[in-house]
Amino acid sequence: MEEQRARRDGPPRQRHGPPARWRRPVSFGRRRDGADASGAHWPVASTALLTALVLIGTHVAARHQQGHREPLDAGAYALLIAACGPLLWRRRRPVPVVYGTAAVTLAYLAAGYPYGPVVLAVAVACFAAVVSGRRRAAWTAVGLLWAGHTLIALWLYRWLPPPGGAAAPWSQQLVVATWVVAVLAVCEVARVRREQWARDRAERAQAARRRADEERLRIARELHDVLAHSISVINVQAGVGLALLDSDPEQARTALTAVKAASKEALDEVRQVLGALRAPGDAPRAPAPGLDRLPELVEQAASAGLTVEIEGTAPGLPPGADLAAFRVVQEALTNVVRHSGSRRARVRLDLTGGTLRLRIDDDGPATGTDAGGSGHGLAGMRERAAALGGAIEAGPRPDGGWRVSAALPLTTGTAAPAEDGPARGAAAPSGAAGQTGDAPAAAEPSAAQKAEREER
């Protein structure tokens, strides 16, 4: 079809006008906002103001130097403009500008024209070179200018205008040298301050990125813990409801009621977590969960067919430690529901020496079923414990069960080992970060058991 259309329409018609490459827009290095293609701005206003100041100031200064210096003429004004004009490029080409301005200023002084604010052009060029990192060029240009002026004032004045001049005293040269050093010192101070400001901005940006990353990880942990537990309960109850839908409708109704309650609680906690993304300064709409909600956790586990025994009482804890302890217990019970064939778990709470010790045990064995675990549960627990200076240990027990031990200091900076460790010295499964310890050969779990348990 394309070939028929080409034969019918004939060869493509040549458009009138110049070739396409000539019709491309031409950039003259300047945008409407005053910047060229590189993004640097032209200092037009400051350069024009400085040029006017130099011309007017030199004209006024010349009135007080009549008879001592050459009168201003067209050549003098041309040199003044030539000294100030290159300042337009001081941000793009600081080295040529500082050398060129110094050379033109030296030519102006060698011609015998009146002293005046022409040295301001050199000072501005030197400042631009120093703050842009061209310190050697700035110091060299200003040093050559001072050396040339000293040579003219002490020796070359015999052959240069104005005629009949005398050598300048050394005290005058020392004053000039003092002003040169002062200008260079101001430029160096400005450079140091700019570098400090740049470092401060970079540190603030890095700190902001670090805080954003930490907040993102915190929200990810919260969402994982909330959704993993609730969806595990929903998964178990939904399976029970489907299995009993025809044979025992009343029991299936009970399972679906538990699914509804678990999903409602999951939605409430997800809303609470996402509330942290609101505008800064807003207070949380609901308190963070803590160990005071252990009865609710036990009730949810019971609805999934898991009996939980609590040993010890939940003490009053700081908010951070309280939330971390609750999430550790929640994640451990979720793993029992997902991966263990045991329908019984034990949670032990012990507060001694300013450290809360948690121990969650189940009798196993691993079910070998895929419960949809992401493998981030243990990592999240370890991150929570590490944030408080504590530790988490998880691993198989010699009798085939599974143990999660946590030590959470109530005061930051006092790290404490987890109580007893997994399986009383048994080695943790491979892939569990931070696990150490040697176990006798009889206590080693089978490879299948390690693979199933590591899914937690």
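Sequence positions, counted from 1, serve as the residue numbers for this chain. Just so it is clear, the values below take in all heavy atoms, side chains as well, and ignore hydrogens, waters and symmetry mates.
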Going through the distances and angles, do R359 and D361 end up as a salt bridge (Lys or Arg N to Asp or Glu O under 4.0 Å)? CA-CA 7 Å; R359 192 175 69 189; D361 291 293; 3.3 Å; yes
Taking it one step at a time, do D362 and N335 satisfy side chain to side chain contact (heavy atoms under 4.5 Å, CB included)? CA-CA 10 Å; D362 70 90; N335 287 338; over 6 Å; no
T313 and L349: CA distance, side-chain angles, deciding distance, side chain to side chain contact (heavy atoms under 4.5 Å, CB included) verdict: CA-CA 7 Å; T313 58; L349 308 174; over 6 Å; no
Evaluation steps, side chain to side chain contact (heavy atoms under 4.5 Å, CB included), between V119 and W179: CA-CA 11 Å; V119 293; W179 278 104; over 6 Å; no
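For the residue pair S405 / E393, no side-chain donor-acceptor distance below 3.5 Å is found, with atom types taken as modelled. Judged by distance alone, the side chains of R327 and Q330 do bring a donor and an acceptor atom under 3.5 Å apart. Using modelled atom types and a 3.5 Å distance limit, the side chains of Q196 and R193 yield no donor-acceptor pair. For the residue pair S132 and R191, no side-chain donor N or O sits within less than 3.5 Å of a side-chain acceptor on the partner.
In this structure, the side chains of R90 and V124 come closer than 4.5 Å at one or more pairs of heavy atoms. For the pair R348/R357, no side-chain contact is recorded, criterion being any heavy-atom separation below 4.5 Å from C-beta on. Contact of the I310 side chain with the V298 side chain is registered, since non-hydrogen atoms from C-beta on lie closer than 4.5 Å. Inter-residue side-chain proximity for V336 and W402 is flagged as unmet; no heavy-atom pair is nearer than 4.5 Å. Put simply, the side chain of T58 reaches to within 4.5 Å of the side chain of P117, judged on heavy atoms. Side-chain contact between V347 and L358 is absent, with no heavy atoms from C-beta onward closer than 4.5 Å. For the pair H59/Y77, a side-chain contact is recorded, criterion being any heavy-atom separation below 4.5 Å from C-beta on. No side-chain heavy atom of F127 sits under 4.5 Å from any side-chain heavy atom of E188.
For the side chain to side chain contact (heavy atoms under 4.5 Å, CB included) test with V142, the passing option among V130, V183, V180 is V180; the others fail. Checking each of D322, L351, L388, V328 against L356 for a side chain to side chain contact (heavy atoms under 4.5 Å, CB included) leaves exactly one that passes, namely L351.
Between the NE2 atom in H149 and the CG atom in L156 there is a gap of 11.5 Å [rounded to 0.5 Å]. Here the NE2-CZ distance, from H41 to R92, works out to 9.0 Å after rounding to the nearest 0.5 Å. Considering OG1 of T150 and CH2 of W170, their distance stands at 6.5 Å, rounded to 0.5 Å. With values rounded to the nearest 0.5 angstrom, D350 atom CG is found 10.0 Å from T355 atom OG1. Interatomic distance, CG of L145 versus CG of L109, reported as 6.5 Å (0.5 Å rounding). Atom CZ of R211 sits about 11.0 Å away from atom CD of Q206, to the nearest 0.5 Å.
Across all their heavy atoms, L160 and A110 have their closest contact at CB-O, 3.8 Å. Among all heavy-atom pairs drawn from L154 and A167, the shortest one is O-CB, 4.3 Å. Nearest approach of A332 to M381, heavy atoms of both residues: N-SD, 4.5 Å. Here the closest non-hydrogen pair linking A82 and P86 is O-CD, 2.8 Å. Taking every heavy atom of both residues into account, V131 and C187 meet most closely at CG1-O, 4.5 Å. Closest non-hydrogen pair, H64 versus V60, comes out as CD2-O, 3.4 Å.
R293 has a carboxylate O that lies under 4.0 Å from a charged side-chain N of E296, or vice versa, which qualifies the two as a salt bridge.
Taking the ring axis of Y113 as reference, the NZ or CZ atom of R69 does not stay both within 45° of it and closer than 6.0 Å to the ring centre. Figure legend: R91 and W42 shown without cation-pi pairing, the cationic atom not lying both under 6.0 angstrom from the six-membered ring centre and within 45 degrees of its axis.
Side chain of S46 to main chain of P43: a donor-acceptor pair is present (N/O by atom type, distance under 3.5 Å, no hydrogens or angles). Under the 3.5 Å distance criterion, the side-chain polar atoms of R158 are matched with a main-chain donor or acceptor of W155. For E70 (side chain) and A111 (main-chain N/O), no donor-acceptor pair under 3.5 Å exists by modelled atom type. Formation of a donor-acceptor pair under 3.5 Å by the T101 side chain with backbone atoms of V98 is not found in this model. Side chain of Y108 to main chain of P114: a donor-acceptor pair is present (N/O by atom type, distance under 3.5 Å, no hydrogens or angles).
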